[in-house]
Amino acid sequence: MSRRKTWFRDLAVHLVLLLFVVYLTFPLVWILATSLKSTPEIFSGHFSLVPGEITLEHFKTVAAEGQIFRSMRNSLIAGIIATVTVVVIALPASYALVRYRSVLNRLFLGWILTSQIFPAILIIVPLYMVIRFLHLTDTLTGLALVYVVWSLPFVLWMLFGYMKNIPVELEEAAAIDGASRVQIVYLVLMPVLLPAIGAAALFAFISAWNEFFFALVLLKSPGTVTLPVELARLTGIEGQARTGPLAAASLIATLPSIVLFAFMRKWFASGLLAGAVK
Amino acid sequence: MFVISVQLSVVSNPFSVCSVALWLIIECSVKHDDDECKGKSPLRAAVAKAVICLMIVAGITGCKTSGDAAAARPLRFVSLAWQAQSVEAHKNMVAQWNAQHPDRPVEYLQGTWSSIHDYLITAFETGDVPDVFHYESSVIVDFSARGFLADLAPMISDELKADVLDVAWASVRRPGGEINGIPFLMESFVVLYNRQMFEDAGIVPPTFENPWSVDELRQAAQRLTRDIDGDGSIDQYGAAMGLRNAANIFMNMSISFGGSFFHKANGKYTVQVGAGERRLLELIHGMLYRDRTMSPSGTGKTGSAMIPGLFNGNYAMLIGIGAWARQQLAENAPEDFRWGVFLLPKAESRQTGINTQTLSIPAKSSRRQDAMAFIDFMVNPDNMARNARCDWMLPTRRSCLNREEFRHGGHGWDIVSASAKFLSTGPWLGAPGYVEWKTRVANPILQEFFANRIDLDEAAQRLETESNWVLARYQMRGETW
């Protein structure tokens, strides 16, 4: 291929990538711009990504109302409990399903997969009854438990796919050196699986961080409200919204996810790939 | 450990959770004794152990556990106030109540209009209900028909009964006389206009005493529609209307055209698009496509989304928007923007439909008397007036409507308050399935019609046929008002 053709191809690829990046970042830039505009400018209806006059009034409003940071803390607590629990259960479970040969394995996997066909609205009443039976309604523990139930099947399937691709010889070598099953999983396999675990943990955490419906129904007290529910309170009847404060709060809410992705993107990308190829 | 983790994964399947719930239901229903359900069994002991583990985790992370929930529970009040002023007003009222009634404290819970339905349905089905909740009359009909709401009629004071407008009571009264919500705010639809454009066109806006007819509105819209730069395209429309969720406003406006869409005969509701309804639909469609005096941008937007266009001079009048929208104009309009309010044009009459915001008590609330005392406090004249002022809506008490602030308060309060006498109940307020009908049938069909994808005959025919499918389903379940 001539140098000129290569140059054109590279240019085309970069243009497409640039367009894709613009497409992905546009909502974020829009939210940022809106959060920095004054209310009359937002209501002027003029399209602009650059605020005419930068103001922090909406951030001040959000901070003054004082709920957003408490709801972020609640989301963080529920997300961390759910993520840790999911990974702690899914890691040995996926190992067992891969390595222990049993006729029940397929049955178990099929059973776990059925969870993916349930919409949340279908199970909310029975789920609520179970949580109430456990005296865990209106608690972050109860909510985290629901998030575990909701994301564990998918995380298990993710880790199952990664685990299958790890050569059994690695474990045999460790076993010959005297390692127990638990040691094999946590000392030998875990370092190899770190990208996959990172991807699975990220999935579990982001699912919990963004989840709205279960949090809406299970949590009652103002002190336990999570971030997505808090954000919804800035919207009103018939499509009205307090647009400025909503944009500011949404931007604040997005930051932890962005930071998390920035730190874990390497793990996340390689984790996804590790499960995709043999 | 591996076996346990697989077991946990299998048990964590939502289907397993449903099975456990089913087991709980069967166990409780067989014993017919709630206390017995709390007894010990091997399975429950295992569950309890799991819970203890979880609570240890919860304790480490410092989050709230069920120990807090065991404390004496205050009354729970779910409010749908969402504007900063009205949220503050509700919170202040709750604080005031708590200061006056330390033995019956109220906990303020913030609901949202977009999710309150799911929240309440789950609460009603599971029995874990708030003690007082804020919603609207057209929706609580369905809750009432399903037995979810307490009858408040025996608990309403004579003073409140006499002071609240009859039309507001009619919006929440069932045929047997039961009342399932105390109406405290009323919606009124108005026309907002740009004073400068009216002056430039030499048009005098209608007064309360001398309203425009439909033809006069149409003629004014024609005079206000202008091609300013002479390029052949319209730069300024005479009128605009948010038509994305058009059902609500068209239902309410239809009464003045002699229609109502809903008809009741032999205890059954049906939807009929008669001459009055057709005339209303044809008026707006004609302004959009024949006269070209109404901005087509409204076909995909809500009323509130049309307000920036009014500020920008894209159109001179915003027709059929709720009186609450005055707040957006008062607070967010450019400094040099002068605006005014007048009432909807007179067709056959000046009557329009009413929808009220309500405070209700679930049937499963164990503290109805306390809840009703709190509602009495929330709807006392001072608090009702404050709520109305913060939400820019009409109070339902006569004594509030007669207050100076509503009669001569500026920002169109005088006109909006006076319009209360034209409010009337439409038959749809008693129709089970009305909310579903509005969102699944009426709004989509009206959107297609106003986007000019279907003609009036097809819209009318589909409204009748598809509506009656939905209503028949509710009536088959025996839900009547």
Side-chain angles (χ1 to χ4, degrees), chain A residues 39-40 43-46 61 77 80-81 89-90 92-93 95-97 100 108 111-112 114-115 118 121 123-130 132-141 145 148-150 152-153 156 181-182 213 216-217 220-224 232-240 242, chain B residues 1-3 5-6 8-10 12-15 17-18 20-22 24-25 47 51 54-55 57-58 61-66 69 76 80 82-84 107-110 112-115 118-119 122 125-126 128 130 244-245 248 302-305 307-309 311-312 322 328 331-334:
Chain A
T39 305
F43 271 87
S44 72
H46 292 299
T61 304
I77 290 170
I80 288 172
I81 295 176
I89 296 173
Y95 176 80
L97 288 169
Y100 288 90
F108 285 159
W111 179 251
I112 290 161
T114 57
S115 67
F118 284 93
I121 193 80
I123 64 156
I124 187 63
V125 172
L127 198 60
Y128 192 98
M129 293 189 68
V130 172
R132 192 174 56 179
F133 176 74
L134 298 174
H135 297 284
L136 287 173
T137 51
D138 203 18
T139 66
L140 294 175
T141 315
L145 196 63
V148 170
V149 170
W150 203 245
L152 182 59
L156 185 65
R181 285 278 185 192
V182 175
F213 185 63
L216 170 80
V217 171
K220 308 285 183 190
S221 309
T224 57
R233 290 174 179 176
L234 295 166
T235 61
I237 193 167
E238 301 266 346
Q240 300 173 71
R242 293 171 61 196
Chain B
M1 182 182 75
F2 297 110
V3 176
S5 63
V6 172
L8 279 172
S9 304
V10 171
S12 292
N13 184 305
F15 194 64
V17 174
C18 293
V20 173
L22 189 63
L24 286 173
I25 294 165
V47 171
V51 173
L54 281 166
M55 288 191 175
V57 175
T61 52
C63 66
K64 188 183 170 190
T65 64
S66 57
R76 293 192 305 206
L80 292 178
W82 70 279
Q83 294 279 15
E107 186 178 30
Y108 177 88
L109 305 179
Q110 182 72 63
T112 66
W113 283 97
S114 57
S115 60
D118 292 338
Y119 177 91
T122 313
E125 293 290 353
T126 58
D128 194 0
R244 186 172 164 188
N245 301 315
N248 195 31
T302 59
S304 56
I307 292 173
F311 293 160
N312 291 336
Q328 307 281 1
E331 292 179 0
N332 302 319

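Lettering follows sequence order; numbering is per chain, from 1.
For Arg244(B), no part sits under 4.5 Å from any heavy atom of chain A, backbone or side chain. Neither the backbone nor the side chain of Ala305(B) comes within less than 4.5 Å of any heavy atom of chain A. In this structure, chain A has a heavy atom under 4.5 Å from the side chain of Glu107(B), while its backbone stays farther away.
Of the listed residues (Asn312(B), Thr112(B), Leu109(B)), the greatest number of heavy-atom pairs within a distance under 4.5 Å of chain A belongs to Asn312(B).
Here the OH atom belonging to Tyr128(A) is positioned 3.0 Å from the CG atom belonging to Asp128(B), to the nearest 0.5 angstrom. Taking CH2 from Trp82(B) and OG1 from Thr235(A), the interatomic distance works out to 8.0 Å, rounded to the nearest 0.5 Å. Atom CD1 of residue Ile124(A) and atom OG1 of residue Thr126(B) lie 9.0 Å apart, to the nearest 0.5 angstrom.
The two atoms that bring Phe43(A) and Phe311(B) nearest to each other are O-CD1, 3.5 Å, heavy atoms only.
Using a distance-only test at 3.5 Å, with no hydrogens or angles considered, no donor-acceptor pair links the side chain of Arg76(B) to the main chain of Lys220(A).
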